[in-house]
Amino acid sequence: MKEMMSDAFLMEQRQLERIGDLMNLDKNIIERLKFPKRTLIVSLPIKMDNGETKCFTGYRVQHDTARGPAKGGIRYNSEVDLGEVSALAMLMTWKCSLMNLPFGGAKGGICCNPNELSLGELERLTRRYTSEILQMIGPEKDIPAPDVGSNEKTMGWIMDTYSNYHGYCIPGVVTGKPVEIGGSLGRRQATGAGVAYTTRNCINNILNNSKEHYDIVIQGFGNVGSNAAKYLHDMGHKIIAVSDVFGGIYNKNGINIDELLKHIEKTKKVEGFKDSTPITNEELLILECDFLIPCALGNVITKNNADKIKAKIVVEGANGPVSSEADEILLSKNIKIIPGILANAGGVIVSYFEWVQDIQRLFWEEEEIMKNLERLMAKSFNEVHKLTIEKKTDYRTAALMIAIERVAKAKELRGLYP
Ligand code: NAD
């Protein structure tokens, strides 16, 4: 298993061991959770538009399935490797467990730059990837979803390829697909909405709602970042800075998010928005604010910049944006960190609703979906918040304690085969 030993994966393994020791969990069960249950690496030869054939590498990793079928997104990014996908798969196990969903954890990815591929190339790449991992996925086995660089359209192609192979329509094989082919209302905005609900839970439970509005900085303005910004803006808070891969913008009086969304529709980037000054992604992270919400990639707050962070609370919209060294530095500065397995779980909650609706062929109203999302996010937040007080610990430790204990219990009850 040495191929997966990246920094990101080793960090997740250390977290698991730390929580196992802290809670005195059965060492044999922790040992079983240290590596993914199943990994697949596939070669993806694609006919490019210029007639050449190019080979990409794809991955699918199932970390654990003790509590149900594996669940996790598919990332299209040039940094994707087995270590990153394995680390993210483990995080999915903890996230689904913390939310008490009947799923285990998985993740997938293709090492590519989706911005450099035409729509036709992306479709051929997605369909070939689906056919190569076909034996591993399915509504009862492993259910992919979008992640960085993939989207609803990608999920539509996966569902179509899978359904064609089996000879009938199987919408439950993926979540995050278009509503017209079995997607769920509310899924598109679910993760960002969940991040906003979590921020509001922090305001009420940690900051005692002592100000009329709070200053918020958001890194990454894709699915998660833009929806979190929209919900928080609508709640009356001031979004003072946002960014994307090209750079950021700042306005200490607050950015009008509705206007910014119109600007992005035209220009595809936040840069150049009126009433704002440009800033770099590095400068954005160290702005003075109440909430810093990283919603782009992992490992953006590290030992190199953690000391300069001035936010009161960091809410992890992205997966793994704070390294473990940075975690310690932030905690020593009394900055609270709400871990991604709690803060960005809105997506997997509504994915769960989508899967249930697909299987039952019975679809719910958006109002019902968003109400249930808010309820489940609040329930998990309260459980974690209570444990931080009881155990005098931080939010990441408390969240992992709840999540890992549930998975360990499921493994203990099922026993070890054979
Ligand atoms: P996305 O592709 O829609 O958006 C990513 C955003 O980050 C874009 O604005 C992009 O320009 C920006 N970005 C990329 N590289 C950057 C860089 N180096 N510096 C600054 N900005 C950069 O992706 P998304 O779906 O919004 O996912 C964002 C994060 O949230 C990821 O870590 C993902 O794993 C996590 N997440 C997503 C979901 C979901 O439902 N989409 C659910 C849970 C967690």
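Atoms within a ligand are numbered from 1 in the order they appear, just like the ligands themselves.
Not close to ligand 1: Ser243, with no non-hydrogen atom less than 4.0 angstrom away. Residue-ligand proximity: Arg75 is placed with a non-hydrogen atom under 4.0 Å from ligand 1.
Looking at Thr191, Val242, Val350 and measuring to atom 39 (C) of ligand 1, the nearest heavy atom belongs to Thr191. The option with the heavy atom closest to atom 20 (C) of ligand 1, from among Asn151, Asn319, Asn281, is Asn281. Across the listed options Ala345, Ala296, Gly176, Gly149, Ala296 owns the non-hydrogen atom lying nearest to atom 7 (O) of ligand 1. Nearest-heavy-atom check against atom 6 (C) of ligand 1 across Gly222, Ala145, Gly194, Gly192 picks out Gly222.
Checked against a 3.5 angstrom limit, the closest N/O atoms of Val224 and ligand 1 fall inside it. In terms of polar-atom proximity, defined here as any N/O pair under 3.5 Å, Ala318 makes no such contact with ligand 1. The N/O atoms of Arg187, backbone and side chain alike, include one that comes under 3.5 Å of an N/O atom in ligand 1. The shortest N or O to N or O distance between Val245 and ligand 1 is below 3.5 Å.
Contacts of Ser226 with ligand 1, taken as heavy-atom pairs under 4.0 Å, are absent altogether.
Under the 4.0 Å criterion applied to side-chain N and carboxylate O atoms, Glu121 and Lys54 are not assigned as salt-bridge partners. Using a cut-off of 4.0 Å between Lys/Arg side-chain N and Asp/Glu carboxylate O, Asp147 and Lys107 are scored as salt-bridged.
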Open item on the list: Let's go through Lys252 and Asp215 carefully: what are the C-alpha distance in whole Å and the side-chain angles of both, what is the deciding distance for salt bridge (charged side-chain N to carboxylate O under 4.0 Å, His left out) to 0.1 Å, and is it a yes or a no?
Closed with: CA-CA 9 Å; Lys252 72 173 172 20; Asp215 288 355; over 6 Å; no
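A donor-acceptor pair shorter than 3.5 Å cannot be found between the side chains of Asn100 and Lys379.
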